[in-house]
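Read the structure below first, then the notes.
Note on naming: letters A, B, ... go to the chains in the order of the sequence lines (proteins, then strands), and numbering restarts at 1 for each one.
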Number of protein chains: 4
Amino acid sequence: MDAIFEATIQVLSSDGLLRLNTTRIARRAGVSVGTLYQYFPNKQALLFAVMDQHLAMLADTIEKTCDGNLGATVETLAAAVVKAYLQAKMAQAEISPALYRIASELDARELIDSTVRRSTRAIETALSGASDGRFVDTNLIAQTLTAALYGTVPAFCHKVLSPADGTEAERQLTIMFRSYLVAQQRGIAEIR
Amino acid sequence: MDAIFEATIQVLSSDGLLRLNTTRIARRAGVSVGTLYQYFPNKQALLFAVMDQHLAMLADTIEKTCDGNLGATVETLAAAVVKAYLQAKMAQAEISPALYRIASELDARELIDSTVRRSTRAIETALSGASDGRFVDTNLIAQTLTAALYGTVPAFCHKVLSPADGTEAERQLTIMFRSYLVAQQRGIAEIR
Amino acid sequence: MDAIFEATIQVLSSDGLLRLNTTRIARRAGVSVGTLYQYFPNKQALLFAVMDQHLAMLADTIEKTCDGNLGATVETLAAAVVKAYLQAKMAQAEISPALYRIASELDARELIDSTVRRSTRAIETALSGASDGRFVDTNLIAQTLTAALYGTVPAFCHKVLSPADGTEAERQLTIMFRSYLVAQQRGIAEIR
Amino acid sequence: MDAIFEATIQVLSSDGLLRLNTTRIARRAGVSVGTLYQYFPNKQALLFAVMDQHLAMLADTIEKTCDGNLGATVETLAAAVVKAYLQAKMAQAEISPALYRIASELDARELIDSTVRRSTRAIETALSGASDGRFVDTNLIAQTLTAALYGTVPAFCHKVLSPADGTEAERQLTIMFRSYLVAQQRGIAEIR
DNA sequence: GATGAATGAGTGTTCATTCAT
DNA sequence: GATGAATGAACACTCATTCAT
């Protein structure tokens, strides 16, 4: 069962999306196709489940980080979120690129949206509760950060996956997010 | 020929990746499968060509924008790049999501990398030549901006595609890039 | 055990021949597949047994009716056989169409032949012992009646299943059989 | 194309319903599966088409015979219909039993009903126009004859298929139908 | 004796690709 | 150069049957 999850990732990573078929997954998992179909009604459902698990983990990570930084400064928050997200990604380094290949295969739109919405909400809440926070449109800012986070990291992917570059990526993203948030605060100040 | 390109995009948009087969593409293009195979050695090559066209256009856009802003301030540059990239994306609004679906299908890694590299180089050159520029690691900054640009926009995709939200996305991204660049400049100042 | 028989009929009636699989039968019968296979060596044997039961019942019905009408006139006999057969069929109205679907699935040829032979023999005996009987080829006539009986009723099937039409079918078949037998008797008379 | 029709019948006859799969049909027809699927959208459609062809031929036969015997006596009509139907069946001796196996596989109900209805209507018209005809309920009688014809012959099937027995079967059925019709006419006379 | 998870051969169907016309 | 019928390998999925518990 978990073996099937694991096998799906492995096959996807090593053989690619085109060679990802139920027989191969089953063989790699050390079971028969029949067994696979006893646990998942069809291929789509399996891929969906794998996606779901990964995305839920990412959203959890961000939520926990945000919850743990209520009352902190926005700079601290930005650093914490970037760090947590990157760590989560790197912990599943092999899975991640594979999943981006699945995502399109069938309608993960809903799934992704829900993950993004959870993260956006968590970040928004954290920004609202920041010790030094004050933003005109907290929701918009949260959306922007989420998009940048979820989008930029995969774009960085091959670089990010090696520890050294991961650290560098974290530094740059943190600087970017921090300066963006500060700019938005200053924006308010300027408006006043 | 261009009809085939066009048809590929259309089929992908309307029927999805799963129903994207050569017969359908040929029919939509108003030619026979045989004809299709006279222009492209195989399906992969066709998809590759379609991808290539789109990515080359994006890289061209960024290069032109960078070339056109040599000597400008980094703030002007940031705004110009964001604006140009978004405009290019929105001009091909229908194509874009379709292509992200293709990208995984076959090894577009190389193709994407080359596009990203072209853009990174162009941005790097522009930053070096900026009237107010001075950065410790211009290349790293250019990489970060490119990743954020190429990654964040698709993540924003469904929002970005409507003109109104497109404008908002542009504003936020511009703010983010500007503040990031300024922060990096200040970083140098602080180091001194 | 009887539950399995019952379940087979039910599944066949409600889900159709294509969805008739051992797992479904077992579940409907409230037992496990394993249990099913402890009573029947394979699916074929199960279907065979179900068929057998039904056909044996039909043959029994005809035999009993024939035995009970030894010495009666051929007209009485004809009426009695038609009535008995129709009653037996209608008593198992739901089963009957289902079984005709099974029949082809596996070699029920032998089974059906044996049933038909039993019925033919019973009818032949009854005709020979009829108070007013005298036929040139009793066996041929018995065969014809059996074929007409076993064949026509299913052909009538959807109509026959409603009581009203059942009565009408009975009337017509009785008339047909009676007049056929009388014609055969008259044939002998004419030959003399 | 006709080769596929032919192959379907052959496979059905020689290998049985259970071994009737598209691959086998294609191979026997001397084409590839792909070709088969270029002419028939799916297996069901193929079987349906084969059924349709056969049933339409039977209904045609009966209609033509009835049309050709307008104004004849009911006795002549009965003999003609039985003869024509048997000839049609025997001409396709191999097909016939095979098709009865298909019939149940999927919803041929409609198809069969339509054939039966066509035949019933033709017989009814012929009875109405018979030179010596006069029946209380022509439709009911036509229905009964159709059911007896369509039902009894297959029940006779293995016997009917050899010429000698075919002749005997024809004699008996003719006697049965003739006497049935005469009995119905007499019924009217008696009522008067 | 009962269970039901595991098996894997077998099925219907699709689709990239070829090649005779 | 254009065509599109033909191909057949490959896939998702089913289900009769087994066997360890």
Side-chain angles (χ1 to χ4, degrees), chain A residues 1 3-4 18-27 29-47 105-106, chain B residues 1 4 11 15 17-27 29-47 105-106, chain C residues 1 4 11 15 18-27 29-47 105-106, chain D residues 1 3-4 17-27 29-47 105-106:
Chain A
M1 178 81 176
I4 295 174
L18 282 169
R19 304 269 175 241
L20 182 80
N21 58 272
T22 50
T23 314
R24 220 180 289 260
I25 293 174
R27 188 166 45 240
V31 299
S32 69
V33 220
T35 302
L36 189 156
Y37 275 89
Q38 224 144 27
Y39 290 102
F40 301 93
N42 51 50
K43 189 188 175 188
Q44 215 181 108
L46 167 59
L47 298 184
E105 184 81 341
L106 231 45
Chain B
M1 180 77 175
I4 295 174
V11 171
D15 300 19
L17 186 61
L18 284 166
R19 304 272 172 238
L20 181 83
N21 56 273
T22 50
T23 313
R24 219 181 289 259
I25 292 173
R27 186 167 48 240
V31 300
S32 69
V33 222
T35 302
L36 188 154
Y37 274 86
Q38 227 133 31
Y39 290 103
F40 300 93
N42 50 48
K43 189 189 176 188
Q44 221 179 99
L46 167 58
L47 298 184
E105 186 84 342
L106 244 31
Chain C
M1 177 80 175
I4 295 174
V11 171
D15 300 18
L18 284 167
R19 305 268 173 242
L20 182 82
N21 56 273
T22 50
T23 313
R24 220 181 288 259
I25 292 174
R27 186 166 48 239
V31 300
S32 70
V33 222
T35 302
L36 188 154
Y37 273 85
Q38 227 134 30
Y39 289 103
F40 300 93
N42 51 47
K43 189 190 176 186
Q44 221 180 97
L46 167 59
L47 297 184
E105 184 83 343
L106 243 33
Chain D
M1 176 81 175
I4 295 174
L17 186 61
L18 282 168
R19 304 267 175 242
L20 181 82
N21 56 273
T22 51
T23 314
R24 221 181 289 259
I25 292 174
R27 187 166 46 237
V31 299
S32 69
V33 223
T35 302
L36 189 156
Y37 274 88
Q38 223 143 25
Y39 291 102
F40 300 93
N42 51 49
K43 189 189 176 188
Q44 213 180 110
L46 167 59
L47 298 184
E105 185 82 340
L106 228 46

Which is true for [X] with a 4.0 Å heavy-atom rule: it touches a base, it touches only sugar-phosphate, or it touches nothing?
{"X": "F40(B)", "result": "nothing"}
{"X": "L46(B)", "result": "nothing"}
{"X": "L36(D)", "result": "nothing"}
{"X": "I25(A)", "result": "nothing"}

### Query
Hey, where on DNA chain F does chain D first and last touch, going 5' to 3'? Cut-off is any atom under 4.0 Å from a heavy atom.
dA5(F) to dG8(F)

What's the [atom1]-[atom2] distance between [X] and [N], to the nearest Å?
{"X": "R19(C)", "N": "dG12(E)", "atom1": "CZ", "atom2": "C1'", "result": "13 Å"}
{"X": "Y37(D)", "N": "dA16(E)", "atom1": "OH", "atom2": "C1'", "result": "18 Å"}
{"X": "L17(D)", "N": "dT11(E)", "atom1": "CG", "atom2": "C1'", "result": "14 Å"}
{"X": "Q38(A)", "N": "dT7(E)", "atom1": "CD", "atom2": "P", "result": "9 Å"}

Reported [atom1]-to-[atom2] distance for the pair [X] and [Y], which is rounded to 0.5 angstrom:
{"X": "L47(A)", "Y": "N42(A)", "atom1": "CG", "atom2": "CG", "result": "9.0 Å"}
{"X": "I25(A)", "Y": "F40(A)", "atom1": "CD1", "atom2": "CZ", "result": "9.5 Å"}
{"X": "L36(B)", "Y": "M1(B)", "atom1": "CG", "atom2": "CE", "result": "10.0 Å"}

#### Entry: DNA chain F: stems of at least 3 consecutive Watson-Crick or G-U pairs whose donor-acceptor distances fall under 3.5 Å
E:2-21 with F:2-21

### Task
Measure across Y37(B) and T22(B) and return the closest heavy-atom pair with its distance rounded to 0.1 Å.
OH-CG2, 3.6 Å

### Task
Give the minimum heavy-atom separation between A3(A) and A29(A), together with the two atoms involved.
O-CB, 3.7 Å

### Message
With a cut-off of less than 4.0 Å, is there a side-chain N or O of N21(D) near OP1 or OP2 of dT11(E)?
### Response
yes

### Message
Can you work out whether G34(A) or V31(B) has the more 5'-proximal nearest nucleotide on DNA chain F?
### Response
V31(B)

### Task
Identify, between V33(B) and G30(D), the residue whose nearest nucleotide on DNA chain F lies closer to the 5' end.
V33(B)

### Query
Distance-only, no hydrogens or angles: does the R27(B) side chain make a donor-acceptor pair with backbone N or O of S32(B) under 3.5 Å?
no

### Query
Are the side chain of R24(C) and the backbone N or O of R19(C) linked by a donor-acceptor pair below 3.5 Å?
yes

### Query
What do the steps show when you test L46(D) against I4(D) for side-chain contact (heavy atoms from CB on, under 4.5 Å), and what is the final call?
CA-CA 9 Å; L46(D) 167 59; I4(D) 295 174; 3.8 Å; yes

### Message
Return whichever of N42(D) or T22(B) has its heavy-atom-nearest nucleotide of DNA chain E closer to the 5' end.
### Response
N42(D)

